[in-house]
Amino acid sequence: MEWTRPGLSSPLRPICDLRVLDHFIKEARDAEVAMKSCREGCSLSESVSVPQTTVDFDVWEEKNGLDQAHEVQSGLCLLQQALGLLKTSVTNTALHSHLDNCIRNLLSINAVLRSLNIQEYTPPASAAELEGTWRVSSATDLLQVHVNFLRGKVRLLLMDAQACQQDVS
């Protein structure tokens with residue numbers, strides 16, 4: 001894997017190695033496991049909007065790449081907001097580092113998308129305007145959605161990324 005140094009003007013090379021995503025999924029799972037074993041100071045203060053994680057492959061395949069990217073970016077944005085809220089309502093310090101990792105990883109996934117020339121998309125400020133969302137009120141449910149979203153739609157988007165197709169010989 002090659003990292004570009006800050007300050008270099010060369011464009012970011014596409015990050016096509018799915019092991020990067022696998023690492024993020026593992027850390028998301030670790031957070032979910034830690035949350036399940038947490039007994040005190042680990043609840044969500046209010047219900048939050050999260051992306052729908054189920055994938056109807058026929059519907060997904062019919063969408064163009066831009067729509068798929070927007071759906072993933074909207075989902076990442078919702079998860080970032082939800083995990084940020086969870087972090088402020090959790091008093092268990094052991095969970096804080098897990099949540100910090102998860103939030104940092106979501107930002108890294110956005111950087112991966114940029115490296116794949118997927119245009120940045122800012123979803124509407126109100127989650128109500130987003131299609132395909134639902135609300136969860138438990139921290140465990142939120143972290144489960146997080147894992148499933150990474151394993152599902154994020155993985156599908158990265159696997160089909162145009163920037164990675166020419167690497168296949």
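Throughout, residue positions are numbered sequentially from 1 according to the sequence presented.
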(message) Could you check whether any side-chain N or O of Lys63 sits under 3.5 Å from a backbone N or O of Ala69, counting only pairs where one atom can act as donor and the other as acceptor?
(response) no
(request) Working to the nearest 0.5 Å, report the span between CG of Asn92 and CD of Glu40. (result) 9.0 Å
(message) As an exercise, state the distance from CD1 of Ile25 to CD of Glu32, rounded to the nearest 0.5 Å.
(response) 12.0 Å
(message) Are the side chains of Leu113 and Leu157 in contact, using a 4.5 Å heavy-atom criterion?
(response) yes
(request) Grab the two heavy atoms, one from Met35 and one from Cys42, that are nearest each other, plus how far apart they are. (result) SD-O, 3.4 Å
(message) Do Ile109 and Val72 make a side-chain contact, defined as non-hydrogen atoms from C-beta onward lying under 4.5 Å apart?
(response) no
(message) Once rounded to the nearest 0.5 Å, what's the spacing between atom CG of Leu76 and atom CD of Glu71?
(response) 11.0 Å
(request) Measure the shortest side-chain to side-chain distance between Lys153 and Gln52 over non-hydrogen atoms and say whether it is less than 4.5 angstrom. (result) yes
(request) Drop me the distance from Asp141's CG to His146's NE2, to the nearest 0.5 angstrom. (result) 14.5 Å
(message) With a 4.5 Å cut-off on side-chain heavy-atom distances among I, L, V, M, F, W and Y, is there a chain of contacts connecting Leu107 to Val20?
(response) no
(message) Could you check whether any side-chain heavy atom of Lys36 comes within less than 4.5 Å of a side-chain heavy atom of Leu143, counting everything from C-beta outward?
(response) no
(message) With heavy-atom distances below 4.5 Å as the criterion, would you say the side chains of Arg155 and Leu158 are in contact?
(response) no
(request) Please report the shortest heavy-atom distance between Ala82 and Ser49, naming the atom on each side. (result) CB-O, 4.3 Å
(message) Tell me whether Arg151 at atom CZ has more than 12 heavy atoms from other residues, nucleotides or ligands lying less than 6.0 Å away.
(response) no
(message) Please check this pair: side chain of Trp134 against backbone of Pro51, looking for a donor-acceptor N/O pair closer than 3.5 Å.
(response) yes
(message) Test your reading of the model: is there a side-chain donor-acceptor pair from His96 to the backbone of Val90, 3.5 Å cut-off?
(response) yes
(request) Decide yes or no for Tyr121 and Leu66: does some side-chain heavy atom of the first lie under 4.5 Å from some side-chain heavy atom of the second? (result) no
(message) Quick one, Val145 with Asn148, criterion side chain to side chain contact (heavy atoms under 4.5 Å, CB included). Give me CA distance, side-chain angles, the key distance, then yes/no.
(response) CA-CA 5 Å; Val145 165; Asn148 290 340; 5.8 Å; no
(message) A side-chain contact here means heavy atoms from C-beta on lying under 4.5 Å apart; do Gln162 and Ile118 qualify?
(response) no
(message) Can you give me the closest heavy-atom contact between Trp60 and Leu156, atom names plus distance?
(response) NE1-CB, 3.6 Å
(request) Going by the side-chain contact (heavy atoms from CB on, under 4.5 Å) test, name the single residue among Leu116, Asn110, Val112 that passes it with Arg114. (result) Asn110
(request) Answer yes if Leu18 and Phe57 sit in the same cluster of Ile, Leu, Val, Met, Phe, Trp and Tyr residues linked by side chain heavy atoms under 4.5 Å apart, and no otherwise. (result) yes
(request) Mind listing the closest non-hydrogen atom pair of Phe24 and Ser108 along with its distance? (result) CZ-CB, 3.5 Å
(message) Rounded to the nearest 0.5 Å, what separates atom CZ in Arg104 from atom CD in Gln80?
(response) 12.5 Å
(request) Work out which heavy atom in Ala31 is nearest to a heavy atom in Leu95; give both atom names and the distance. (result) O-CD2, 4.4 Å
(message) I want to check something: taking the side chain as every heavy atom from C-beta on, are Leu44 and Leu86 in contact at a cut-off of under 4.5 Å?
(response) yes
(request) Taking only Lys NZ, Arg NE, NH1 and NH2, and the carboxylate oxygens of Asp or Glu, determine whether Asp22 and Lys26 approach each other closer than 4.0 Å. (result) no
(message) Do Leu83 and Val33 sit in one hydrophobic cluster, given that two such residues count as connected whenever their side-chain heavy atoms are within less than 4.5 Å of each other, even indirectly?
(response) no
(message) Could you measure the distance from the NE2 atom of His23 to the CD atom of Glu27? Nearest 0.5 Å is fine.
(response) 3.5 Å
(request) Considering non-hydrogen atoms only, spot the tightest contact between Glu46 and Leu85 and give its length. (result) CG-CD2, 3.4 Å
